[in-house]
Each structure stands twice: as C-alpha cells, then as structure tokens.
Amino acid sequence: MKVLVTGGAGYIGSHTVLSLLENNYDVIVYDNLVNSSVESLDRVEKLAGKSVEFVEGDICDKAALSHVFKKFKIDAVIHFAALKAVGESAQIPLSYYQNNVHGSVCLLEVMQENDVHNFIFSSSATVYGEENEVPYVETMKLGTPSSPYGASKVMVERILADMTVSNGRFRGVSLRYFNPIGAHESGGIGEDPTGIPNNLLPYVAQVAVGKRDKLSIFGDDYPTKDGSCERDYLHVMDLAQGHVAALNWLNCNDEFRGVEAFNLGTGNGISVFSIVKAFEKATNKIIPFEVSPRRAGDLPAFWANANKANKELNWQASRSLEQMMEDTWRWQSNNPDGYLT
Ligand code: NAD
Ligand code: UD1
C-alpha cells in the first residue's frame, strides 16, 4: 500500500514515516521544507533499512501535487503539512489560512481528481476551544480556539465534514493530537525547532544542553494542583503508531464512508512543574527556572478522553513519562544543534 505523507520531513511526520516503513507501507513524502530538512528522512531510511521517495513541493501547488498522484499510485494520504506556531499565527494570520486551509483544499481537490479517498488529517486538541470541559471527548462540539492556528484546524475539520456530504466515497480520519513530546528511542530523529522554541519540552532540553540559561514557567497561579498548567503529554512514537492504527482501521473497514475524529493522548494531565522534575530525575540535569507571567491564550488544564481510540483503533499510548524524558534528552544531547549537528 502506497501512502503519501505531506509534511513528512517534520517532527511528527518523520517519526510516522519510520513507523509506516516498519509496518511495510511504501511511503512518498511531499514537503516544501519550510520547517524541516531532508536529513530527517536520511536518518529515517537508515533506522528502517528501507528507502523513502521524497518530492520537494508545496501543497498549494496543485500542478506539482497532481504530478505526484499521476506518478505514484497513491492509496491513502496522511496530511501533516501545516504551519504550527500559535503566536506567529496571530501576527501573520493570512499565511496560516493560506497554508493550512487553502493548502488542505488544494490537496483534497487533487485527491478527488485522482480518485483517492482515504485521508488522515493532523488535527489538534486546540479544536475543543475554550468552551468545552475536560477531559475532552470526540462527541463535544468543535470549539472556538483563540488563535488563527487553532481556527485553521477547526476550518479543515468542517471542510472534511462537508466533503463527506458531497463525495460519497470519502473516508477521512481526524486525529486530534494532545501534546506530543520525546523522540525515537535511538536518539537519531527528534524535534528540531528553528529559533527560540515555543513549546515546553524543546525549551527544557535546550536549557539542559546549555543553549538557554533558564526556563520561564508561564504562570504558577492557575487553579491546578501546583498552580502551573496541566497538559496531556504523549510520546511521539506512540503518536506515530496512532497513524498506523488509523490506516489499519481504514483498511479493515471497507464500508466506512464519512469522517471520524479520534483523540490521541494518554488521558492524564501533567503540570509544568512535574515535567521539570521528571526531566531532572530522568537525566540527572538541573533545570534552572523562573516563574513568569501567564502566556496569552493558555488554558489552565486539558487532557484527553482517549477511550474511542483505545477501543476502535486498538491504540493506546504506552510509553511512560520517564521514557519521554530520556528519549528527549538522548536526541538533544546527541544532536545539540538538531539536524545541523
Ligand atoms: P513540523 O513543522 O515539524 O512539520 C510540518 C511539516 O510540514 C514541515 O516539514 C514543513 O516543512 C511542512 N510544510 C509546512 N507547510 C507546507 C506546505 N505548504 N507544503 C508542503 N510542506 C509544508 O510540525 P509537526 O510538529 O510535525 O506537526 C505536524 C502536524 O501536526 C501539523 O499539521 C501540526 O499542526 C499538527 N499538530 C502538531 C502538534 C505538536 O504539538 N507538534 C500538536 C497538534 C497538531
Ligand atoms: C501549544 C498550542 C497548541 C498547539 C501545541 C502544539 C498554545 C496556547 N497552544 O500547546 O495550540 O497545538 O502547542 O504546537 O500555544 N510552557 C512554559 N514555558 C515555556 C513553554 C511552555 O511554562 O517556555 C508551558 C505553557 O504555558 C503550557 C505548557 O508549558 O502550559 C505546554 O506548552 P506548549 O508546549 O507550548 O504546548 P501547549 O500550550 O499545550
């Protein structure tokens, strides 16, 4: 089975490509490298002992996409390609809507023109917005996220729902990721943010390796156990395997038509202070930190109800917090400058 993976050179994409190869899928990666390098795929090939077809291109370029669909007989698409920096999305919202929404529409059009109907979309817990209560469950209505990034994910989910009405053959899965962290256990591939990391774990790891002085903990006065925000952190390899489980689910459910959403998380909320402690314990490193004001747009706490994915996809996040920390550190210490190292 041939799978087209848009954004496959990126953080979650590269780990998923590895899992796909290990599960005997043929993979074609389509990526414009705006936030990644092909080095990640070279390393994936070495780890898997198999090769990946790589095509450099933009999802907004329908002619280039069509060429890929004509050249390879694609059976399914996993769509990671997107811009993902929440703060930046408020500064350049049109680029986010152009890339994430228009880009997804281009991809869906080219799929339809080429009679490809199996689609897995990288959605996010952010689609639950601010109005839903935790734990989030898939039966809840889509919310109103505060950032253009989050809104772009809600818009694509709505587009998928509309497509199922107009295209009776469409088979879509929206995977709503909670907070993926960690790296492949080899330390050979991992998260390689450009500039100052926005997300917690890459920042902690860069403090540990001496690239940053100290961590700022954004707020210690939230209504949580220790006052810092709580999130549902899951290992990126568990998340990668969630995509394989979703593909297997599509393959086993021939009659399925429409679109289904699944939360991919552990079901546990972990605080920022607990993450710092867990990282220190797993790595024997001290993480200097200071408490700073709250970050705009942060919710106090959210985590998944992952029962639907457990039951229907036969998927469970199985790797421990300790392993997430050890693997983050293995990647960061082996590659202090990411893929440039
Ligand atoms: P990433 O930036 O590492 O990967 C995205 C990849 O898409 C990059 O390789 C980038 O070069 C590529 N890309 C971006 N725009 C493109 C375009 N127009 N055409 C072709 N390629 C393009 O990000 P990631 O963390 O791996 O995230 C993957 C997906 O998962 C994204 O859709 C993101 O919104 C979603 N997601 C991520 C998280 C997270 O915490 N990392 C959480 C929820 C959802
Ligand atoms: C963020 C986005 C979310 C997106 C996800 C993946 C926001 C509001 N949400 O999730 O939409 O899907 O990234 O890209 O940006 N923290 C610190 N210090 C830091 C960094 C983070 O204390 O230097 C705290 C944050 O306040 C938060 C927690 O760590 O409580 C996790 O932050 P982060 O990794 O950015 O993820 P989210 O905010 O959950």
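Side-chain atoms are counted along with the backbone in the values below, which use heavy atoms only and exclude waters and symmetry mates. Predicted, not measured: the structure shown is a model, and the values here were computed from it. Counting starts at 1 for both ligands and their atoms, in listed order.
The N/O atoms of His79, backbone and side chain alike, include none that comes under 3.5 Å of an N/O atom in ligand 1. Annotation: Ser124 places no N or O atom under 3.5 Å from an N or O atom of ligand 1; distance criterion only. For a threshold of 3.5 Å applied to N or O pairs, the pair formed by Pro180 and ligand 1 contains no separation below that value. The shortest N/O to N/O separation between Ser123 and ligand 1 does not fall below 3.5 Å. Taking any N or O of Phe178, backbone or side chain, none lies under 3.5 Å from an N or O belonging to ligand 1. Among the atoms of Gly10, some N or O lies under 3.5 angstrom from an N or O of ligand 1.
Taking Phe69 as the reference, nothing meets the ring pair (Phe, Tyr, Trp, His ring centres under 6.0 Å) condition, with sequence neighbours excluded. Remark: Tyr149 engages no residue in a ring pair (Phe, Tyr, Trp, His ring centres under 6.0 Å) (not counting sequence neighbours).
Each of the following atoms of ligand 1 lies closer than 4.0 Å to a heavy atom of Ile59: 17 (C), 18 (N), 19 (N), 20 (C). With ligand atoms numbered from 1 in the order given, ligand 1 contributes 10 (C), 11 (O), 13 (N), 14 (C), 15 (N) to contacts under 4.0 Å with heavy atoms of Val34. Atom numbering of ligand 1 starts at 1 in the shown order; those under 4.0 Å from a heavy atom of Ser122 are 29 (C), 30 (O), 32 (O), 35 (C). The Gly57 neighbourhood of ligand 1 comprises atoms 19 (N), 20 (C), with distances under 4.0 Å to a heavy atom of that residue. When each atom of ligand 1 is checked for a heavy atom of Leu33 under 4.0 Å away, the hits are 11 (O).
With a 4.0 Å cut-off on non-hydrogen atoms, Tyr149 touches ligand 2 through its side chain and not its backbone. The backbone and the side chain of Ile12 each have at least one atom closer than 4.0 Å to an atom of ligand 1 (non-hydrogen atoms only). Counting heavy atoms under 4.0 Å from ligand 1, residue Glu191 does not touch it at all. Residue-level proximity to ligand 2 for Ser146 is absent, since no heavy atom of it falls below 4.0 angstrom. Counting heavy atoms under 4.0 Å from ligand 1, residue Asn199 does not touch it at all. Residue contacts with ligand 2, taken as heavy atom pairs separated by less than 4.0 Å, do not involve Tyr222 at all.
Between atom 37 (P) of ligand 2 and the options Ile12, Asp298, Val127, Asn179, the minimum heavy-atom separation is to Asn179. Nearest residue to atom 33 (P) of ligand 2 from Val272, Ile275, Asn199 is Asn199 (criterion: closest heavy atom). Relative to atom 2 (O) of ligand 1, the option among Asn100, Ile181, Asn35, Asn99 with the closest non-hydrogen atom is Asn35.
Protein heavy atom at the shortest distance from atom 3 (O) of ligand 1 is Tyr11 N, 2.8 Å. For atom 13 (N) of ligand 1, the closest non-hydrogen atom on the protein side is Asn32 OD1, 3.5 Å. Scanning the protein for heavy atoms near atom 11 (O) of ligand 1, the closest one is Asp31 OD1, 2.7 Å. In this structure, atom 24 (P) of ligand 1 lies nearest to the protein heavy atom Lys84 NZ, 3.8 Å. Protein heavy atom in closest approach to atom 31 (C) of ligand 2: Tyr233 OH, 3.4 Å. The nearest protein atom to atom 5 (C) of ligand 1, hydrogens excluded, is given as Ala82 O, 3.9 Å; this is a heavy-atom distance. Counting protein heavy atoms only, atom 30 (O) of ligand 1 is closest to Tyr177 CE1, 3.3 Å. Here the heavy atom of the protein found nearest to atom 31 (C) of ligand 1 is Phe80 O, 3.1 Å. Scanning the protein for heavy atoms near atom 34 (O) of ligand 1, the closest one is Tyr149 OH, 2.7 Å.
The existence of a salt bridge linking Glu53 and Lys2 is excluded, since no basic side-chain nitrogen approaches an acidic carboxylate oxygen closer than 4.0 Å. The existence of a salt bridge linking Glu191 and Lys84 is confirmed by a sub-4.0 Å separation between a basic side-chain nitrogen and an acidic carboxylate oxygen. Under the 4.0 Å criterion applied to side-chain N and carboxylate O atoms, Lys153 and Glu157 are not assigned as salt-bridge partners. With respect to the salt-bridge test (charged N to carboxylate O, under 4.0 angstrom), the residues Asp298 and Arg231 qualify.
Checking Lys141 against Asn132 by side-chain atom types alone, no donor-acceptor pair falls below 3.5 Å.
Distances shorter than 4.0 angstrom do not occur between any heavy atom of Gly8 and any atom of ligand 1. Distances from ligand 2 to the non-hydrogen atoms of Gly150 include no value under 4.0 Å. Thr6 does not count as a contact of ligand 1, since none of its heavy atoms falls under 4.0 Å from the ligand.
With Arg43 contributing its side chain and Ile189 its backbone, the two residues share no donor-acceptor pair below 3.5 Å.
With a 6.0 Å cutoff to the six-membered ring centre and a 45° limit on the axis angle, Arg294 counts as a cation-pi contact of Tyr222. Taking the ring centre of Tyr136 as origin, the terminal cationic atom of Arg176 falls outside the region bounded by 6.0 Å and 45° from the ring axis.
Note on ring orientation: taking the six-membered ring where Trp is involved, the planes of His15 and Tyr11 are perpendicular (angle over 60°, cut-offs 30° and 60°).
Separation of the His243 and Tyr177 ring centroids falls under the 6.0 Å cut-off. Taking the centre of each ring, Trp249 and Phe262 come in below the 6.0 Å mark.
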